[in-house]
Amino acid sequence: MSDTPDELPAGWPTTEAEATAVQDELRGRVVRDEPGPSPDAPLIAVGVDVAYDDEHDLVAAAAVALDSDTLEVVAEATAVGRVAFPYVPGLLAFREIPTVLAALDRLPVSPGLVVCDGYGLAHPRRFGLASHLGVLTGLPTIGVAKNPFTFRHADPGPLRGDTSPLLDGAEEVGRAVRTRSGVKPVFVSVGHRVSLDRACAFTLRLAREFRLPETTRRADALCRAALRAASADA
DNA sequence: GCGACAG
DNA sequence: ATCTTGTCGC
């Protein structure tokens, strides 16, 4: 009773040159002048994540919708697909997005915010996974990454809520955010239609007792389970 | 040219 | 991301 792998979108980039060209073309469609939804009012926050089985050429994606106030799960959806692109730093979106879109399509609620694993603006060409997903869906998106990527940063203060900027020269393209005192920070950047201040505020609202936002924790667990099921009968 | 490098 | 045992701690 598991999913059949979805077909790849027609015309999906095959080479790195094609992929970077797509990023350069879509980058202009990112909306950065909207503050986005208020972190103080309840909304449906959706976490998306992907797991891989390169042996069987499978990708499983999950979208988990939470009430941002209670952190209760409101809805979940998964999708299985074929690996659409190799892992290349800076081109992660081409590997993850097709299956993530399929999972989002199956989600029976409309997201007020989508939380991605990885970066948005803080990307070599200013168009990371979170920006890309935002442009393709029109939804407000943010990126919360577990590891540093392109930009240098100072270590934020030791307490939950302490932050330090990810700087590209004088421009702040993201922020290292300490979600738990004494634990290494996460790296937040804007995706689409959300300000950096609000992206950081949402991150703290969604990450209360663990380092990572509950959205990404739930999505991570669900996509792994979906992958196990798909690999088992494939 | 040599590393570094989200997931 | 994924491969992987035990281990320290709440």
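Because the structure is a prediction, the values reported are computed rather than measured. Numbers restart at 1 for each chain; the letters A, B, ... are given by sequence-line order, proteins then strands.
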* **Intra- and interstrand pairs of DNA chain B - dot-bracket, Watson-Crick/G-U under 3.5 Å, | marks other strand** => .......
* To do: Please check if any side-chain donor atom of Tyr52(A) sits under 3.5 Å from a side-chain acceptor atom of Glu96(A), or the reverse.
  =>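 On atom types as modelled, these side chains qualify, holding a pair under 3.5 Å.
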* Whole-Å distance between dC10(C) C1' and Arg180(A) CZ? ->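 Going from Arg180(A) (CZ) to dC10(C) (C1'), I get 10 Å.
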* Asked: Atom CD of Glu209(A) to atom P of dC10(C): distance rounded to whole Å?
  ->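 So the CD-P distance, Glu209(A) to dC10(C), works out to 17 Å.
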* Fill in the dot-bracket string of DNA chain C, one character per base: . for unpaired, | for a pair to another strand, ( ) or [ ] for pairs within the strand, taking Watson-Crick or G-U pairs under 3.5 Å. => ..........
* Is NZ or CZ of Arg29(A) both nearer than 6.0 Å to the six-membered ring centre of Phe127(A) and within 45° of the ring axis? ->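 Cation-pi check for Arg29(A) and Phe127(A): fails.
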* Does Arg217(A) make a cation-pi contact with Phe210(A), if we ask for NZ or CZ under 6.0 Å from the ring centre and within 45° of the axis? ->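 Yes, Arg217(A) and Phe210(A) form such a contact.
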* Partner of Tyr119(A) by side-chain contact (heavy atoms from CB on, under 4.5 Å), out of Val190(A), Leu166(A), Leu92(A), Leu129(A) ->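 Exactly one option meets the side-chain contact (heavy atoms from CB on, under 4.5 Å) with Tyr119(A), and it is Leu166(A).
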* To do: Would you mind telling me which of Thr216(A), Val177(A), Asn147(A) makes a side-chain contact (heavy atoms from CB on, under 4.5 Å) with Val186(A)?
  =>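 Of the listed residues Thr216(A), Val177(A), Asn147(A), the side-chain contact (heavy atoms from CB on, under 4.5 Å) partner of Val186(A) is Val177(A).
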* Quick one: label Ala51(A) by what it contacts on the DNA or RNA (base, sugar-phosphate, nothing), any heavy atom closer than 4.0 Å. =>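 Answer is sugar-phosphate: Ala51(A) comes under 4.0 Å of backbone atoms only.
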* To do: May I ask you to say what Arg224(A) touches in the nucleic acid, namely base, sugar-phosphate or nothing, with a heavy-atom cut-off under 4.0 Å?
  =>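 Result for Arg224(A) = sugar-phosphate.
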* To do: Determine the minimum heavy-atom distance between Ala93(A) and Pro98(A), stating which atoms define it.
  =>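 Shortest heavy-atom contact: O-CD, 4.2 Å.
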* Asked: Which letters describe nucleotides 2-7 of chain B, given B = protein heavy atom under 4.0 Å from base, S = only from sugar-phosphate, - = neither?
  -> ---BBB
Main-chain N/O of [Y] paired to [X] side chain as donor or acceptor, under 3.5 Å:
X         : Y         : value
Thr179(A) : Ala207(A) : no
Asp53(A)  : His56(A)  : yes
Arg193(A) : Gly138(A) : yes

* Aromatic rings His132(A) and Phe94(A): how do their planes relate, parallel, tilted or perpendicular, breaks at 30° and 60°? ->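 Rings of His132(A) and Phe94(A): perpendicular, over 60°.
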